[in-house]
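The structure under discussion appears below in the form of C-alpha cells.
Order of the sequence lines fixes the chain letters, A, B, ..., with proteins taken first and strands second; residue numbering starts at 1 for each chain.
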There are 2 protein chains.
Amino acid sequence: MPPLYRKIATELRKRIISGELSPGDKLPTETQLQDQYDVSRNTVRLATALLLNEGLVESVPGRTGGMVVRERVTLTYHASRAEMPHGLWAESDAWFGEVRAQGHEPTQEFELRIEAVTAAIAERLGVEADSTVAVRRCIRRVNGQPSSVQSSYYPMDLCETVPELLSPRDIPHGTTRLLAERGYQQLGAEDELVAAMPTPEEVTLLRLNPGTPVLHYIRTGFTADRPVRVSVTTFAGDRNRVVYTLGDAEVIARFRDRDSTE
Amino acid sequence: MPPLYRKIATELRKRIISGELSPGDKLPTETQLQDQYDVSRNTVRLATALLLNEGLVESVPGRTGGMVVRERVTLTYHASRAEMPHGLWAESDAWFGEVRAQGHEPTQEFELRIEAVTAAIAERLGVEADSTVAVRRCIRRVNGQPSSVQSSYYPMDLCETVPELLSPRDIPHGTTRLLAERGYQQLGAEDELVAAMPTPEEVTLLRLNPGTPVLHYIRTGFTADRPVRVSVTTFAGDRNRVVYTLGDAEVIARFRDRDSTE
DNA sequence: ATCCATTTGTGCGTATGTATG
DNA sequence: CCATACATACGCACAAATGGA
C-alpha cells in the first residue's frame, strides 16, 4: 500500500499521461487537492514535488498561477551529419540549418578561455593532467531560450599552428575545416552519450526546470596521429534529441519522402 | 539570497564533488544537520531531497543507515558496433561480449508479446496506427542488477515470413542476421537518443533510485524498401553510456593502444 | 527471539514570505 | 491594496526499517 502522497501523484500523473490534462492546463490548486483528498497541505506538496521532479509539471506562482502541465518540444540534432567525415558544413552552420529547418530561430554566443584541463578532458584529449587547453564555449539558443551549451577543448600546441582558435568569435567555416586546412584532418571521432541530472551551474545556464535531466554529448575528434579536439555538449533533456544515421542513409531518406508525400 | 535549504544542499554538494565525501561515505544525520545549521528537520529534509533528486546520494533507513554518497559505475554500450552494417555479431552477443570485456557478468530475460502499436512506434515502423506488432522484450542485467530494458517491435506481416520472431527466447545468431537470411537485409538504421525522467514503471523495472534519469535509445532498422524493426532501449542513466565510432575507427583504436601501453 | 536505539519516511498543524494579476 | 497561488520555515507525532544488545 503506497503512502498517500504517492497515490495522489499517481492519479494526477495518469490524468496527464492520458491526455485528460494537456500541456498548458493547470492541476487543481494545493487547497483544492487538500479538500479533495482530505490531507494536509504538506502531503499535497509531497505529491506535486514528485511530478515536478519528473518534469511533468512546472509551478507558476501568483494569482493566476498553479501547477502547469509542461509542453514537450523536441529539437533534433543530427550528430552524424555534423562535421563528419567529408564535412561539407561547419558544425555551427549545420546546427543553424537544422534549427531553421525545424521552424525555429537559432542564435549563439561564443566565449574563449584558457583553462587547466580536468581529468576527464585530459584523458580524452591525450594530454598531461596539468596542462592547459583552449576552451571555446558556445551557448546556443532556440527562439531566445537556451537549448544547449558546448565547450570545445583544444590542446595548446595546436593553437600555435592555428591561432584563429583563440578568437572568441565564431569561425566562419568551422573549426573542423580550419584544422583540416592546416594539416590536422579529422579522420575519425568517438561520441559518448550520457543522461544525467544537471549541476546547479547547468540549471542556471540552460534555465532548466526542476526535474529536467540533461544529455551529455562528448565528441572526441582524431587525426591520423592523435585526438585534436574534445567537445562536450550539454543538451536540455526535455527539449533535445540526438540522432545518428548508420549505414545507407538513402534507404531512410527514401522512406521519409514516401511518408511525407502520401 | 538563496533559501536555507538550498544553502545547506550547496554546502553538502560541494563536499561530495570535491571528494571530501567519497562514494559510500555518509552525510551527517538529519539530527546533526539540524543542530549544525540550527534549522528544523523539515528544512534539512528539503536540502537532502535536492541531493537525492540529483542522484548524488541515496537514503538507507535503519540504525546504521543514513544518506550515502552514491557510486557511479559506467558501462559502455557501443551502438555503432551492434548489428551494423556487415553485422558479424548478433546484437545480444555483442552486448554479452561488451559487458564481459568490461569485467562484469551479463544475463538477460526474453519475453514475447503481441500488442497494438503506440503512435510513436507506428510512425517509425511505417505501419497503420491501429495495427498489431510483435514485441520482443528483453531485460538485461549486469551482475544481477537490472541495467537496461529493450523492446523490439516487428510488423506482423514479417512474422509470417519469419515465424522464429515469435519465439519468446533468444534467437541464436540474432534477429538481424535471421532477417537478412530471409531476404530482409538491414541496410541502414536511424538512432535517436533522448534523456528523460523515468516513468514509475521504468523505476520498478530498472530498480532506479529517485533522481536517476534514463537514456532512451531508439533504433529504427531499414531494408531497401521500408523499416523492419524498431527497438527501444531504456538505460539506467547512472549506470550506462552509449558510444558511437564515426569515420576511421583505426585512428581511434591506435590511440587507445598507445595510451594503454605507455 | 526480543527489545531497544537510531535513522529515515510519512503525515499533521501553523505561520510568514513572495510573486502575480 | 488585496486576493490567491506557490515557497519557505517552524513545530510535532508516529511508522518503518535496520542493526545491535
Side-chain angles (χ1 to χ4, degrees), chain A residues 1-12 16 21 24-70 200 203-204 207-212, chain B residues 1-12 16 21 24-70 200 203-204 207-212:
Chain A
M1 194 65 161
L4 281 177
Y5 75 100
R6 282 186 192 279
K7 287 207 283 191
I8 299 173
T10 305
E11 290 195 24
L12 292 173
I16 294 171
L21 292 166
D25 287 355
K26 283 196 272 286
L27 261 50
T29 65
E30 291 182 348
T31 333
Q32 286 172 335
L33 288 172
Q34 280 186 64
D35 298 345
Q36 199 171 322
Y37 290 98
D38 194 31
V39 293
S40 74
R41 178 155 176 245
N42 238 322
T43 305
V44 169
R45 282 185 65 78
L46 283 176
T48 53
L50 284 181
L51 302 180
L52 276 170
N53 286 322
E54 287 165 21
L56 289 175
V57 298
E58 63 189 295
S59 67
V60 180
R63 179 79 160 82
T64 55
M67 307 294 294
V68 184
V69 178
R70 277 169 66 177
V203 169
T204 56
R207 302 235 189 96
L208 296 173
N209 291 94
T212 308
Chain B
M1 194 66 159
L4 281 177
Y5 75 98
R6 282 188 192 278
K7 287 206 283 191
I8 299 173
T10 304
E11 290 195 22
L12 292 173
I16 295 170
L21 292 166
D25 287 355
K26 282 197 269 285
L27 260 51
T29 67
E30 291 181 350
T31 333
Q32 287 171 336
L33 288 172
Q34 281 185 63
D35 297 346
Q36 199 171 319
Y37 291 96
D38 193 32
V39 292
S40 73
R41 182 164 170 234
N42 238 322
T43 305
V44 169
R45 282 183 66 78
L46 282 175
T48 53
L50 284 180
L51 302 179
L52 275 170
N53 286 323
E54 287 164 22
L56 289 176
V57 298
E58 64 189 297
S59 67
V60 180
R63 180 79 158 82
T64 55
M67 307 295 292
V68 184
V69 178
R70 277 170 67 178
V203 169
T204 56
R207 304 234 189 96
L208 296 174
N209 291 94
T212 309

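With sequence neighbours excluded, the residues forming a side-chain hydrogen bond (donor to acceptor under 3.5 Å, both in side chains) with R70(B) are T212(B), D238(B), listed by chain and number. With sequence neighbours excluded, the residues satisfying side chain to side chain contact (heavy atoms under 4.5 Å, CB included) with P3(B) are Y5(B), R6(B). Annotation: side-chain hydrogen bond (donor to acceptor under 3.5 Å, both in side chains) contacts of E11(B) (sequence neighbours excluded): Y37(B). The salt bridge (Lys or Arg N to Asp or Glu O under 4.0 Å) search around R207(A) returns none, not counting sequence neighbours. Legend: residues meeting side-chain hydrogen bond (donor to acceptor under 3.5 Å, both in side chains) with D25(B), ordered by chain and number and at least two apart, are S22(B). Listed by chain and residue number, S40(B) satisfy the side-chain hydrogen bond (donor to acceptor under 3.5 Å, both in side chains) test with T43(B) (two or more places apart in sequence, or in another chain). With sequence neighbours excluded, the residues forming a side chain to side chain contact (heavy atoms under 4.5 Å, CB included) with T29(A) are T31(A), Q32(A), listed by chain and number.
Interface limits on DNA chain D: the 5'-most and 3'-most nucleotides within less than 4.0 Å of chain B heavy atoms are dT8(D) to dG19(D).
Projected onto DNA chain C by closest heavy-atom contact, V39(A) and R45(B) fall at different nucleotides, the more 5' of which corresponds to R45(B).
Residue S59(B) has a polar side-chain atom (N or O) positioned under 4.0 Å from OP1 or OP2 of dG9(C).
The shortest non-hydrogen separation linking T48(B) to M67(B) is CB-CE, 3.8 Å. Of all the heavy atoms in K7(B) and P2(B), the pair that sits closest is CG-CG, 3.8 Å. In plain terms, the two heavy atoms of L51(B) and A9(B) that are nearest each other are CD2-O, 3.9 Å. Looking at every heavy atom in both residues, V69(B) comes nearest to V57(B) through CA-CG1, 4.1 Å.
The stretch residues 50-58 of chain A does not touch DNA chain D, since none of its heavy atoms comes less than 4.0 Å from the strand.
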Could you spell out the base pairing of DNA chain C as a dot-bracket line? Use Watson-Crick and G-U wobble contacts where both distances are under 3.5 Å, [ ] for crossing pairs, | for partners on a different strand. .||||||||||||||||||||
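For residues 54-66 of chain A, every residue pair satisfying the side chain to side chain donor-acceptor pair (under 3.5 Å) rule, not counting sequence neighbours, is listed here: R13(A)-E54(A), E58(A)-N209(A).
When side chains are defined from C-beta on, L27(B) counts as touching L12(B), because their heavy atoms get closer than 4.5 Å.
When the P atom of dG9(C) is taken as reference, atom CZ of R6(A) falls 10 Å away, rounded to whole Å. Atom-to-atom, CD of E30(B) to C1' of dT10(C) comes out at 12 Å; the value is rounded to the nearest Å. Computed from coordinates, the Y37(A) OH to dT10(C) C1' distance equals 18 Å when rounded to whole Å. When the P atom of dT6(C) is taken as reference, atom NZ of K26(B) falls 15 Å away, rounded to whole Å.
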Please list, pair by pair, any protein nitrogen or oxygen found under 3.5 Å from a nitrogen or oxygen in nucleotides 15-21 of chain C.
{"from": "dT20(C)", "atom 1": "O2", "to": "R63(A)", "atom 2": "N", "distance (Å)": "2.9"}

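Residue L4(A) is in sugar-phosphate contact alone, with no base atom involved, counting any heavy-atom pair closer than 4.0 Å across all strands shown. Nucleic acid contact class of S40(B) (heavy atoms, under 4.0 Å, all strands): base.
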